[in-house]
S.K.: 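One structure coming up, written as structure tokens, with questions to follow.
Order of appearance sets the numbers: ligands from 1, and atoms from 1 within every ligand.
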Amino acid sequence: MTKINFSLWIISVVLAVPLNTLSGQRGRMPAPAKEGMVVSSHYLASQAGMQVLKNGGNAVDAAIATAFALAVTLPSAGNIGGGGFMVYHGADGTSTTFNFREKAPQAASERMYLDANGQIKDNSNHEGPLSVGVPGTVAGLWMAHGKLGSKPWADLVKPSVELAEKGFPSTWDMQDILSYFQKQKQPVFAAAKKAFLKNGTDLYTPGELWKQPDLAASLKRIQLQGRDGFYKGETAALLEAYMKKHGGIITAKDLANYEAEELKPIIGYYRGFDIIGMPPPSSGGVAIMEMLNMLEKYDLRKMGPNSAEYLHVLTEVMRRAFADRAQYIGDPNFNKDMPIEKLISKDYAELLAASIQMDKASKSDSAAFGSLYLPKESDETTHFSVVDAWGNAVSVTYTLEYSYGSRLMADGTGFLLNNEMGDFNPVPGVTNRKGQVGTSPNLVAPHKRMLSSMTPTIVALDGKPVLVIGSPGGRTIINTVLQVILNVIDHSMNMGEAIETPRIHHQWLPDQTSMEGWGFSPDTKKLYEAMGHPSVSRGKQGQAMGIYIDPTTKIRYGAADSRSFDGGVAGY
Ligand code: DON
């Protein structure tokens, strides 16, 4: 064995990577594969999903295994204590979605976060036990499995149990949270400290094996008892006890009553492609369709990727779609009159686009809403994309809301709880220009789901998936997904280039554009700002994970955003 081969062999043994499979691919050159592929924010989770595909599982089977594996290897966003969305498009042309967004507990109320003066009390919508929504992930994966899975449930949960039991190398990405937990003294953090720190006190160094025995036990209950292994019995009892002890309001009954739902996708058309998106309570599908419909009349290819003219048009459509998002969209079970059909229609897009001037920015007008107040959102969530040997595709984005969610963990459970309640509009009717919306579709109510920006999307051609895409990033998610789709369809970029290209974000209010600081030349910015667009520089925007299926050769090309720490493509 040569020296190089020997090193590769050692790496593959340590990371359990078979050398005939792809792994860890990031950057501009997408990784090709013929049959199945998973792209996620953690290479080990991608491999867990790919192994399911190799064993004859379908895309939904692999998505379930990947989601559970991420709950172990990517604790910042992978989860069983949070919620999210799955979009499915089969090679047979059928499509559907699963909504497993968290719900407000029974005891929640519209003004639950406010003090007597109408001010938010102690940031309680984002921090502490009241910020936790009833988790949906396990119910969603269970439902998707019941409808579309083919392999035994227990086999799909198994890789995650093993990763938690046997451990995996702790990552650089986790160093900050380890120091955070080390500093926490309150009993409410006791379980998280025990799970994340060596002996409950010391930092794991990057690369050191990290085992999670309590999480393994929680996952085993799910493996053996399915949905009930989470929402009933020991896990539910541990969650309820923790909530009671620390002033939370989620009860065992809230957990037992949680239901995921199967929803009809948002379906639209753009330059001959079908766009399959997530309906409300995601705002992503509607907003993407609205923007693509407006963009269809422009020759974006001629403008060129990220030219000032192109950025101007993008900004104008973003502004308009985000204004509608704020005004109209919330949980459909509580907002029966949302004008979705109108918002995604070509006629409406034409009307909206008619006010776009080619040389001048318009202004974001908040007058219609009184003073505006947009809820704060963080930058952590995770997306993964799956394609199986038959060409079926699954696009999943799920989240704990903030990075590591509420950072709370019920004793004995081993998994972090979300702080998704912060995605509701906390102050009824109150709004401000700094950036938030307090409109009624998204106010807190018992059993209601909070509005989301997560935008798992599948693009199809002639009834077959050609692009599976999504990203984290709070409200920037929608614009990240939009720009990747345009890079593929309008600018003919490969999957890697489409993801790596610098991105911008405008969300109507505040009326400014954020631009990835490293990615735009001063000349471009000057031309762009001269049209009346104030801009601010930011770090990275999102971590897109995508698969492109060449419609002719059927080769799958995967790319994990190099903006991610540990993302990876696994294919065969
Ligand atoms: O559902 C939402 O829109 C947010 N809770 C997602 C949060 C998020 O993406 C944070 N970052 N990456």
S.K.: Identify, with sequence neighbours excluded, every residue that meets salt bridge (Lys or Arg N to Asp or Glu O under 4.0 Å) alongside E262.
M.R.: K147
S.K.: Which of the atoms of ligand 1 are close to M454, meaning less than 4.0 Å from one of its heavy atoms?
M.R.: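 It comes down to these atoms of ligand 1: 1 (O), 3 (O).
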S.K.: Can you sort out the partners of E420 under salt bridge (Lys or Arg N to Asp or Glu O under 4.0 Å), two or more places apart, ordered by chain and number?
M.R.: R101
S.K.: Among T381, T137, T382, exactly one meets side-chain contact (heavy atoms from CB on, under 4.5 Å) together with N79. Which residue is that?
M.R.: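 Considering T381, T137, T382, a side-chain contact (heavy atoms from CB on, under 4.5 Å) with N79 is found only for T137.
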S.K.: Is it the side chain (CB and beyond), the backbone, both or neither of T381 that lies under 4.0 Å from ligand 1, heavy atoms counted?
M.R.: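 Answer for T381: both.
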S.K.: What about the rings of H447 and Y258, do their centers lie closer together than 6.0 Å?
M.R.: no
S.K.: Report yes or no: does R475 have a heavy atom closer than 4.0 Å to ligand 1?
M.R.: no
S.K.: Before signing off on this row, confirm whether G473 and ligand 1 have an N or O atom pair separated by under 3.5 Å.
M.R.: yes
S.K.: Within the 4.0 Å heavy-atom shell around S453, which atoms of ligand 1 are there?
M.R.: 1 (O), 2 (C), 3 (O)
S.K.: Y398 vs F384 aromatic rings, parallel, tilted or perpendicular, using cut-offs 30° and 60°?
M.R.: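 Judged by the thresholds at 30° and 60°, the geometry between Y398 and F384 is perpendicular.
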S.K.: Within the structure, does G474 bring an N/O atom to less than 3.5 angstrom of an N/O atom in ligand 1?
M.R.: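 Yes: some nitrogen or oxygen of G474 is under 3.5 Å from one in ligand 1.
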S.K.: For atom 2 (C) of ligand 1, state which one of T397, I477, T476, D423 supplies the nearest heavy atom.
M.R.: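 The option holding the nearest heavy atom is D423.
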S.K.: Could you tell me, atom by atom, which parts of ligand 1 come under 4.0 Å of a heavy atom of P472?
M.R.: 12 (N)
S.K.: Using a 4.0 Å cutoff against the non-hydrogen atoms of E420, which atoms of ligand 1 qualify?
M.R.: 1 (O), 4 (C), 5 (N)
S.K.: Applying a 4.0 Å heavy-atom criterion (strictly less than), which segment of M450 is in contact with ligand 1: side chain, backbone, both, or neither?
M.R.: neither
S.K.: I need the single residue from F181, F189, Y180 that forms a side-chain contact (heavy atoms from CB on, under 4.5 Å) with F196. Which is it?
M.R.: F181
S.K.: So, do W210 and F168 have ring centers that fall under 6.0 Å from each other?
M.R.: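 W210 vs F168: aromatic centres under 6.0 Å.
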S.K.: Taking the basic N atoms (NZ, or NE/NH1/NH2) and the acidic carboxylate oxygens, is any pair closer than 4.0 Å for R503 and D561?
M.R.: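 A salt bridge links R503 with D561.
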S.K.: Does an N or O anywhere in S452 fall below 3.5 Å from an N or O of ligand 1?
M.R.: yes
